[in-house]
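Written below as structure tokens is the structure these notes are about.
As a basis for the values below, the full set of heavy atoms in this structure was taken, side chains included, without hydrogen atoms, waters or symmetry mates. In this text, all values refer to a predicted model and were calculated from it rather than measured experimentally. Each ligand, and each atom within it, is numbered from 1 in the order the structure gives.
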Amino acid sequence: MSEIVGGIFTSHVPAIGQAIARGIQNEPYWKPFFEGFAPIHDWLSRTKPDVAVVFYNDHGLNFFLDKMPTFAIGAAAEYRHEDEGWGISGYKPYPGAPELSWHIIEQVVAAGFDPVTCQKMVVDHGVTVPFELCWPGTDAWPVKLVPICINTVQHPLPSPARCLALGRAVGDALRRWRGSERIVVLGTGGMSHQLDGTRAGFINVEFDRFCLDSLAANPEALAAHDTLDIVELAGSQGVEIINWLAARGALGDAVTELASNYHVPISNTAGASLLLEAKATVHA
Ligand code: DHB
Ligand code: FE
């Protein structure tokens with residue numbers, strides 16, 4: 001039977017993609033961030049997932065302000081990246097898992113969510129940078145992709161509690177899937193950052209530490225916040241942490257924290273990675 005093996009949580013700053021493309025991961029500026037991926041690579045080589053369900057936010061590549069779904073789920077056979085103007089492009093296509101996507105869609109709709117379903121979808125750095133971080137230098141992606149996109153861009157945003165509930169509904173759907181895949185869940189974006197306005201450059205180490213410390217054992221502590229409180233605490237782009245909360249929800253209650261890394265700054269952002277292993281997720 002299929003199994004949720006665990007969750008990987010990471011910042012998706014485009015400059016990380018540039019650093020990978022330039023091969024400068026060991027330069028002093030980058031090393032403390034990339035070092036956080038050594039235990040994640042070890043874990044991936046042991047657990048060998050074949051599907052990645054990725055909770056992320058689109059930044060204007062697939063959805064723009066004229067049409068902004070709160071939640072959208074990809075159901076395509078393949079996803080491509082398009083040049084966003086960050087100087088990183090040419091990524092190989094991402095194979096989809098449309099049957100699993102439709103199963104997730106059916107199950108979350110039955111659970112009371114109303115996602116937009118996307119049989120065509122381009123994915124931006126919210127997906128591509130985490131894939132480059134997790135599976136660097138591969139000729140072909142070892143995992144199929146199910147992208148789940150959360151609006152963190154145009155208010156009103158979904159509440160943190162709603163994102164946690166969506167993640168839990170996705171986790172329930174995965175546990176009911178009768179395939180044989182090993183599934184890894186990704187949550188991308190965050191941690192604290194604000195790219196524009198009078199608070200541009202804002203980083204909140206204390207709040208980031210609270211998120212990193214509570215995500216494994218007590219995600220409700222973060223979910224109890226109002227969305228606008230998180231904007232105030234983490235910055236207007238730091239609110240991307242709600243993607244992490246959704247991914248955490250999909251893992252089930254019992255998780256083991258295997259690795260955590262935090263480094264300030266990466267570009268304008270508090271860079272972080274976190275690895276949680278799921279427990280007892282095999283269902284008959
Ligand atoms: C940066 C961070 C992001 O999350 C993003 O989507 C784009 C840029 C940054 O810090 O440069
Ligand atoms: Fe972002």
Side-chain angles (χ1 to χ4, degrees), residues 8-22 24-25 27 29-34 36-37 54-65 68-72 79 81-89 91 121-134 147-155 157-158 160 163 186-205 207-208 211-212 215 222 227 230-247 261-274:
I8 298 168
F9 303 79
T10 177
S11 316
H12 60 215
V13 178
I16 298 168
Q18 292 166 349
I20 294 171
R22 292 168 61 199
I24 55 171
Q25 296 93 323
E27 288 194 354
Y29 181 87
W30 290 105
K31 205 170 190 293
F33 175 74
F34 281 99
F37 277 81
V54 181
F55 292 89
Y56 74 108
N57 62 288
D58 184 86
H59 302 73
L61 184 70
N62 192 74
F63 301 113
F64 200 61
L65 303 181
M68 183 58 67
T70 301
F71 300 126
Y79 305 89
H81 177 244
E82 281 174 9
D83 192 351
E84 303 168 64
W86 293 108
I88 41 168
S89 59
Y91 292 129
M121 195 178 199
V122 284
V123 291
D124 75 359
H125 63 274
V127 170
T128 62
V129 166
F131 262 58
E132 293 290 321
L133 281 165
C134 289
I148 303 185
C149 186
I150 296 177
N151 171 28
T152 69
V153 172
Q154 177 157 269
H155 290 260
L157 311 183
C163 294
L186 267 63
T188 91
M191 299 198 91
S192 60
H193 63 297
Q194 173 141 344
L195 300 178
D196 46 22
T198 50
R199 287 205 311 170
F202 174 77
I203 282 177
N204 184 344
V205 174
F207 182 69
D208 290 337
C211 293
L212 279 173
L215 205 69
L222 176 57
T227 313
I230 296 193
V231 170
E232 193 169 333
L233 285 162
S236 46
Q237 282 75 37
V239 76
E240 291 173 344
I241 197 76
I242 61 178
N243 304 330
W244 290 37
L245 202 48
N261 186 44
Y262 183 75
H263 178 69
V264 175
I266 290 299
S267 185
N268 299 296
T269 299
S273 56
L274 178 69

Do me a favour and list the nearest non-hydrogen protein atom to [atom] with residue, atom name and distance?
{"atom": "atom 5 (C) of ligand 1", "answer": "His125 NE2, 3.4 Å"}
{"atom": "atom 10 (O) of ligand 1", "answer": "Thr269 OG1, 2.6 Å"}
{"atom": "atom 8 (C) of ligand 1", "answer": "Pro14 CD, 3.3 Å"}
{"atom": "atom 3 (C) of ligand 1", "answer": "His193 NE2, 3.4 Å"}
{"atom": "atom 9 (C) of ligand 1", "answer": "Ser267 OG, 3.4 Å"}

Please round to the nearest 0.5 Å and tell me the distance separating atom [atom1] of [X] and atom [atom2] of [Y].
{"X": "Met191", "Y": "Tyr262", "atom1": "CE", "atom2": "OH", "result": "6.5 Å"}
{"X": "Glu240", "Y": "Asn57", "atom1": "CD", "atom2": "CG", "result": "4.0 Å"}
{"X": "Cys163", "Y": "Phe71", "atom1": "SG", "atom2": "CZ", "result": "4.5 Å"}
{"X": "Ile242", "Y": "Thr227", "atom1": "CD1", "atom2": "OG1", "result": "6.0 Å"}

Query raised in the report: Does any N or O in the side chain of Asn62 come within less than 3.5 Å of the main-chain N or O of Val122, such that one atom is a donor and the other an acceptor?
Result: yes
**Report entry** Sidechain-backbone polar pair: His155 side chain, Val153 backbone, donor-acceptor under 3.5 Å
**Finding:** no
Requested in this report: Select one of side chain, backbone, both or neither to describe which atoms of Gln237 lie under 4.0 Å from any atom of ligand 1, heavy atoms only.
Outcome: neither
Query - Asn151 side chain to Thr70 side chain, donor-acceptor N/O pair below 3.5 angstrom - result: no
Query - His59 and Asp124 side chains, donor-acceptor separation under 3.5 Å - result: yes
**Report entry** Aromatic plane relationship, Phe9 with Trp244 - under 30° parallel, 30 to 60° tilted, over 60° perpendicular
**Finding:** tilted
Requested in this report: Quick one: sort the Tyr91 and His81 rings into parallel, tilted or perpendicular, breaks at 30° and 60°.
Outcome: tilted
Query - Per-atom contacts, ligand 1 versus Glu240 - under 4.0 Å to a heavy atom - result: 4 (O), 6 (O)
Report task. Run the numbers for me: atoms of ligand 1, each under 4.0 Å from some heavy atom of His59, listed by number. Result -> 6 (O)
Query raised in the report: Which protein N, O or S atoms sit under 2.8 Å from the Fe ion (ligand 2)?
Result: His12 NE2, His59 NE2, Glu240 OE2
